[in-house]
A.B. asks: 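Following this message is one structure expressed as structure tokens.
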Amino acid sequence: MKIYNTMTRKKEEFIPIEQGKVKMYVCGPTVYNYFHIGNARTFLFFDVVRRYFEFRGFEVIYVKNITDIDDRLIEQSIKENIPVSEIAKKYTEAYYEDIQALEIQKPTHQSKATEYIDEMIALIQDLENKGFAYEKNGDVYFSVEKFKDYGKLSGKKMEDLKAGARVEENLNKRNPADFTLWKKAKPDEPNWKSPWGKGRPGWHTECVVMSKKLLGETFDIHAGAVDLIFPHHENEIAQAEAISNKPLAHFWMHGGFLNISGEKMSKSLDNFFLTRDVLKKYDTEAIRFFFLSKHYRSPIDFNEDILKESVQALKNFYSVLKDVKYLPSMNENPEYTDAQIKLKKQFNEAMDDDFNTAKAIAVLFEIAKVLRSTNDLKYAHLLNELGKVLGFFSNLEEKLKSSLDDVSEELILLLIRYRSQFKKDKNWKMADAIREDLKKIGIQLKDTPEGTVWEIIK
RNA sequence: GGCGACAUCGCCAAGUGGUAAGGCAAGGGUCUGCAAAAUCCUUAUCCCCGGUUCGAAUCCGGGUGUCGCCUCCA
């Protein structure tokens, strides 16, 4: 299995630290608002990474944090005029709701920043004692000059950083590139007691503390979206490695951005889409298909027309599964034929190559095609098995069934029987009228050699 | 200003040296009373210029264009 490592800018063979185990950490949301569709892309993709590792027999320890104390929560609290803790609670709950709606599996550890304040203070003290951090007027900063590898992930040089740094209002910093470890609380702001007075931890520290506690000093994969490379991940490396002298993570994975009409999504451009709003209009699977049909490191343009295409494309899978009358409960562990094993291998090869989900989806279409022509239900099972790795086909049994109550179904069958008589009498006018009227209320009739069947259309 | 990414059919998108996957859309045929569904067929030489090579979408150089990071950001 090969994974692109941002640290080396190359695809590298993935070798877990501990055989059969993958320890991964993904930077989660800051709960100051509902999360947007760009966040959804990242969360969704790493959910697939996790599923794939498990599919390949790894035990995955997956940590995802929730940042529930941050400047942005404080700002939002003023805006909504409710306490910071309420903001955190409200948007954490919303986050869980949206994640569930996206059919993203729960990580093995979902840790919150505020539960690790003591550990963060201890870490900052340690950094101070070792000369990597300094206190000024109640704030504590990390001195980037003291950490010689600073910039190794983002490829930035200290000189460039200095030159590029904007005029800093913060005169407490010795070097403009120094970053905040501990921030002094203003009156009325949430705060915790510390050796430097009342304040709160900086964002970059929480991930270091949580990953160390839950995964150890060095783990396999640290991930997030590209914008986290600098400064967030760079700063994590600085803190963690300054103390441990060991690499924080073996692999650094970063997902590409989601753009709107070619531009980055931002509030100032008013091109902001919340995940929950998109979910109101589009099925979660269509959203998933839309994301996974492109490689995770490429930027992707969010576009409703393409989302609609995704809906169409997915119908392919469902219609063939319906047509062959597949039931997920049948054939728990079928013996695959050579041809089926070959397709499965193709799927694995695609995923092994830095999670090439676009190629993997193409294999799914190939399976659907063969399923259609052979009617061999083992292909249906294979489609289901591999589709699930990408997070598709949850509640498949449910979706393959009609979603009508018994009476409605009886009524439709009754109409079909009348229509059959009209057809027999060559009363096309009446037969067509029934079909047209049913279509208007969302029921599509199809005359097949085996008789008339119906399905619900949207 | 510094650093980086990308440019493949109408649209989306794989493909990193051996002669262009797949999906959506479109057109045509088969099937059908007509539809729908299904099925078959059709549709690109890869932004431009130059170079390396027996051979390049794939490597190198130069353009052009788009985007990102350098400040909070998934």
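Sequence lines set the chain letters: A, B, ... in the order given, protein chains first and strands last, and positions in each chain run from 1. All values below come from the heavy atoms of this structure, side chains included, with hydrogens, waters and symmetry mates left out. Bear in mind the structure is a predicted one, so any value in this text is a computation, not a measurement.
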A.B. asks: If we ignore angles and hydrogens, is there a donor and acceptor under 3.5 Å between the side chains of A:Thr180 and A:Arg200?
C.D. replies: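 Side-chain D/A pair, A:Thr180 to A:Arg200: absent.
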
A.B. asks: OP1 or OP2 of B:A74 sitting under 4.0 Å from any side-chain N/O of A:Arg72?
C.D. replies: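 Answer is yes, contact under 4.0 Å.
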
A.B. asks: Is the shortest side-chain N/O distance from A:Arg435 to OP1 or OP2 of B:A36 below 4.0 Å?
C.D. replies: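 So the side-chain polar atoms of A:Arg435 never come under 4.0 Å of the phosphate oxygens OP1 or OP2 of B:A36.
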
A.B. asks: Atom NZ of residue position A:Lys183 - does it have more than 12 heavy atoms of other residues, nucleotides or ligands inside 6.0 Å?
C.D. replies: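 Not buried by this count: 12 neighbours or fewer within 6.0 Å.
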
A.B. asks: Report the residue from A:Arg297, A:His233, A:His222 that forms a side chain to side chain donor-acceptor pair (under 3.5 Å) with A:His254.
C.D. replies: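 It is A:His233, the one option of A:Arg297, A:His233, A:His222 that forms the side chain to side chain donor-acceptor pair (under 3.5 Å) with A:His254.
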
A.B. asks: Atom pairs, N/O to N/O, protein against nucleotides 17-19 of chain B, distance under 3.5 Å?
C.D. replies:
none

A.B. asks: Are A:Arg72 and A:Tyr32 in a cation-pi contact, defined as NZ or CZ under 6.0 Å from the six-membered ring centre and within 45° of the axis?
C.D. replies: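 So A:Arg72 does make the cation-pi contact.
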
A.B. asks: Knowing that exactly one of A:Phe230, A:Phe179, A:Tyr141 qualifies, which makes a ring-ring contact (aromatic ring centres under 6.0 Å, His included) with A:His204?
C.D. replies: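 Exactly one option meets the ring-ring contact (aromatic ring centres under 6.0 Å, His included) with A:His204, and it is A:Phe179.
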
A.B. asks: When you compare B:U64 with B:C47, how far apart are their C1' atoms, in angstrom units rounded to a whole number?
C.D. replies: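 Between the two C1' atoms, the distance is 8 Å.
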
A.B. asks: Side chain of A:Arg372 only, heavy atoms from C-beta on: which candidate in B:A14, B:C67, B:A38 is closest?
C.D. replies: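 The closest nucleotide is B:A38.
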
A.B. asks: Could you give the distance separating B:G15 and B:A21 at their C1' atoms, to the nearest angstrom?
C.D. replies: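 The same atom, C1', in both gives a distance of 7 Å.
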
A.B. asks: Given atom CG of A:Leu153 and atom C1' of B:C69, what is their separation to the nearest angstrom?
C.D. replies: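 About 12 Å, once rounded to whole Å.
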
A.B. asks: Whole angstrom is fine here: how far is it from CD1 in A:Ile229 over to P in B:A5?
C.D. replies: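 So the CD1-P distance, A:Ile229 to B:A5, works out to 11 Å.
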
A.B. asks: Side chains of A:His36 and A:Asn39: any donor to acceptor distance under 3.5 Å?
C.D. replies: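 Side-chain D/A pair, A:Asn39 to A:His36: present.
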
A.B. asks: Atom NZ of A:Lys446 and atom P of B:U39: how far apart are they, to the nearest Å?
C.D. replies: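 In whole Å, B:U39 P and A:Lys446 NZ are 11 Å from each other.
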
A.B. asks: Could you go through residues 422-429 of chain A and list every donor-acceptor pair under 3.5 Å that involves a side-chain atom there, pairing it with any protein atom two or more places apart or in another chain?
C.D. replies:
| unit_1 | atom_1 | unit_2 | atom_2 | d |
| --- | --- | --- | --- | --- |
| A:Lys423 | NZ | A:Asp447 | OD1 | 3.3 |
| A:Lys423 | NZ | A:Asp447 | OD2 | 3.3 |
| A:Asp425 | OD1 | A:Gln421 | NE2 | 3.3 |
| A:Asn427 | OD1 | A:Met430 | N | 3.2 |

A.B. asks: Under a 3.5 Å limit for both distances, which nucleotide forms a Watson-Crick or G-U wobble pair with B:U58, could you say?
C.D. replies: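 Looking at the geometry, B:U58 pairs with no nucleotide.
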
A.B. asks: Taking atom C1' in both B:C3 and B:G10, compute the distance separating them and give it to the nearest angstrom.
C.D. replies: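 Roughly 36 Å separates the two C1' atoms.
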
A.B. asks: Answer yes if the side chains of A:Glu12 and A:Thr8 hold a donor-acceptor pair under 3.5 Å, and no otherwise.
C.D. replies: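 There is such a pair between these side chains.
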
A.B. asks: Can you check whether A:Lys424 has a side-chain N or O nearer than 4.0 Å to OP1 or OP2 of B:G33?
C.D. replies: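 It does not, given that no N or O in the side chain of A:Lys424 lies less than 4.0 Å from OP1 or OP2 of B:G33.
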
A.B. asks: Strictly by Watson-Crick or wobble contacts shorter than 3.5 Å, is anything paired with B:C24, and which nucleotide is it?
C.D. replies: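 When the pairing criteria are applied, B:G10 turns out to be the nucleotide that pairs with B:C24.
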
A.B. asks: Just to be sure I understand the rule, does A:Leu445 reach a base, reach only the sugar-phosphate, or reach nothing, if contact means heavy atoms closer than 4.0 Å?
C.D. replies: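 Result for A:Leu445 = base.
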
A.B. asks: Just call it for A:Gly255: base, sugar-phosphate, or nothing, with non-hydrogen atoms closer than 4.0 Å on any strand.
C.D. replies: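 Touches nothing.
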
A.B. asks: CG of A:Leu390 versus P of B:A13: gap in Å, rounded?
C.D. replies: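 Taking CG of A:Leu390 and P of B:A13, I get 18 Å after rounding.
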
A.B. asks: Rounding to the closest angstrom, what is the interatomic distance between B:A13 and B:A7 at atom P?
C.D. replies: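 Looking at atom P only, B:A13 and B:A7 are 10 Å apart.
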
A.B. asks: Is a donor from one side chain sitting under 3.5 angstrom from an acceptor on the other, for A:Glu285 and A:Tyr318?
C.D. replies: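 Judged by distance alone, the side chains do pair up.
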
A.B. asks: What's the gap between B:G63 and B:U71 when it is taken at their C1' atoms, as a whole Å value?
C.D. replies: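 Result for the C1' pair: 32 Å, nearest Å.
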
A.B. asks: So, OP1 or OP2 of B:A13: does either fall under 4.0 Å of a side-chain N or O from A:Lys294?
C.D. replies: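 True: A:Lys294 side-chain N/O within range (under 4.0 Å) of B:A13 OP1/OP2.
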
A.B. asks: Expressed in angstrom and rounded to an integer, what is the separation of A:Asp305 atom CG from B:C11 atom P?
C.D. replies: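 It works out to 12 Å between those atoms.
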
A.B. asks: Provide, to the nearest angstrom, the distance between the CZ atom belonging to A:Phe35 and the C1' atom belonging to B:A74.
C.D. replies: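 My rounded result for the distance is 10 Å.
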
A.B. asks: Scan A:Asp71 against the nucleic acid and name what it touches under 4.0 Å (heavy atoms): base, sugar-phosphate only, or nothing.
C.D. replies: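 Counting heavy atoms under 4.0 Å across all strands, no contact is made by A:Asp71.
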
A.B. asks: For B:G23 versus B:U58, give the span between their P atoms, rounded off to a whole number of Å.
C.D. replies: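 Each nucleotide's P atom is 26 Å from the other's.
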
A.B. asks: For A:His254 and B:G4, what is the distance between atoms NE2 and P respectively, to the nearest whole Å?
C.D. replies: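 Value for this atom pair: 17 Å.
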
A.B. asks: What about A:Asp227: does its side chain form a donor-acceptor pair under 3.5 Å with the base of B:G68?
C.D. replies: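 It does not, because no donor-acceptor pair links the side chain of A:Asp227 to the base of B:G68 below 3.5 Å.
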
A.B. asks: Measure from CZ on A:Arg419 to P on B:G33 and round the result to the nearest Å.
C.D. replies: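 After rounding, the reported distance stands at 12 Å.
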
A.B. asks: What nucleic acid atoms does A:Leu364 come within less than 4.0 Å of, heavy atoms only: base, sugar-phosphate, or nothing?
C.D. replies: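 Contact class for A:Leu364: none.
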
A.B. asks: Could you check whether A:His232 gets within reach of a base, just the sugar-phosphate, or nothing at all, counting any heavy atom under 4.0 Å?
C.D. replies: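 No contact.
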
A.B. asks: Of the nucleotides B:G33, B:C69, B:A14, which has the atom closest to the A:Lys264 side chain?
C.D. replies: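 The answer is B:C69.
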
A.B. asks: Using both distances under 3.5 Å as the test, list the Watson-Crick or G-U wobble partner of B:C46, or none.
C.D. replies: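 Pairing partner: none.
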
A.B. asks: Is the charged tip of A:Lys106 near the ring of A:Tyr96: under 6.0 Å from the six-membered ring centre and within 45° of its axis?
C.D. replies: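 So A:Lys106 doesn't make the cation-pi contact.
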
A.B. asks: Does the pair A:Glu103/A:Arg288 count as a salt bridge with the N-to-O cut at 4.0 Å?
C.D. replies: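 So A:Glu103 does not pair with A:Arg288 through a salt bridge.
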
A.B. asks: Mind checking the P distance from B:G18 to B:A56? Whole angstroms is fine.
C.D. replies: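 After rounding to an integer number of Å, I get 12 Å for this pair.
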
A.B. asks: Indicate whether the side chain of A:Tyr34 and that of A:Asp277 have a donor and an acceptor atom separated by less than 3.5 Å.
C.D. replies: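 No.
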
A.B. asks: How many angstroms lie between CG in A:Leu181 and CZ in A:Phe132, if you round to the nearest 0.5 Å?
C.D. replies: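 Between A:Leu181 CG and A:Phe132 CZ, I get 12.0 Å after rounding to 0.5 Å.
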
A.B. asks: Report the nucleotide, chosen from B:C72, B:G2, B:A74, that has the shortest atom-to-atom distance to any side-chain atom of A:Lys156.
C.D. replies: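 Minimum distance to the A:Lys156 side chain belongs to B:G2.
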
A.B. asks: For A:Asp353 and A:Pro231, take the nucleotide of RNA chain B holding the closest heavy atom to each; which residue's nucleotide lies nearer the 5' end?
C.D. replies: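 The residue mapped nearer the 5' terminus is A:Asp353.
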
A.B. asks: Could you pick out which residue, A:Lys423 or A:Leu258, lies toward the 5' side of RNA chain B when each is mapped onto its nearest nucleotide?
C.D. replies: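 Closer to the 5' end of RNA chain B: A:Lys423.
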
A.B. asks: Is B:A38 paired to anything, Watson-Crick or G-U wobble with both distances less than 3.5 Å, and if yes, which nucleotide?
C.D. replies: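 Base partner found: B:U30.
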
A.B. asks: Could you check which of B:C70, B:A14, B:G33 has an atom nearest any side-chain atom of A:Phe230?
C.D. replies: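 Of the options given, the side chain of A:Phe230 lies nearest B:C70.
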
A.B. asks: For a quick check, with a 4.0 angstrom heavy-atom cut-off, what is the B/S/- contact string for nucleotides 21-32 of chain B, read 5' to 3'?
C.D. replies: BSBBS-------

A.B. asks: Could you measure between the two P atoms, the one in B:A25 and the one in B:A37, and give it in whole Å?
C.D. replies: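 Here B:A25 and B:A37 have their P atoms 10 Å from each other.
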
A.B. asks: Using purine N1 to pyrimidine N3 plus N6-O4 or O6-N4 for Watson-Crick, or N1-O2 and O6-N3 for G-U wobble, each under 3.5 Å, what pairs with B:C67?
C.D. replies: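 B:C67 is paired with B:G4.
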
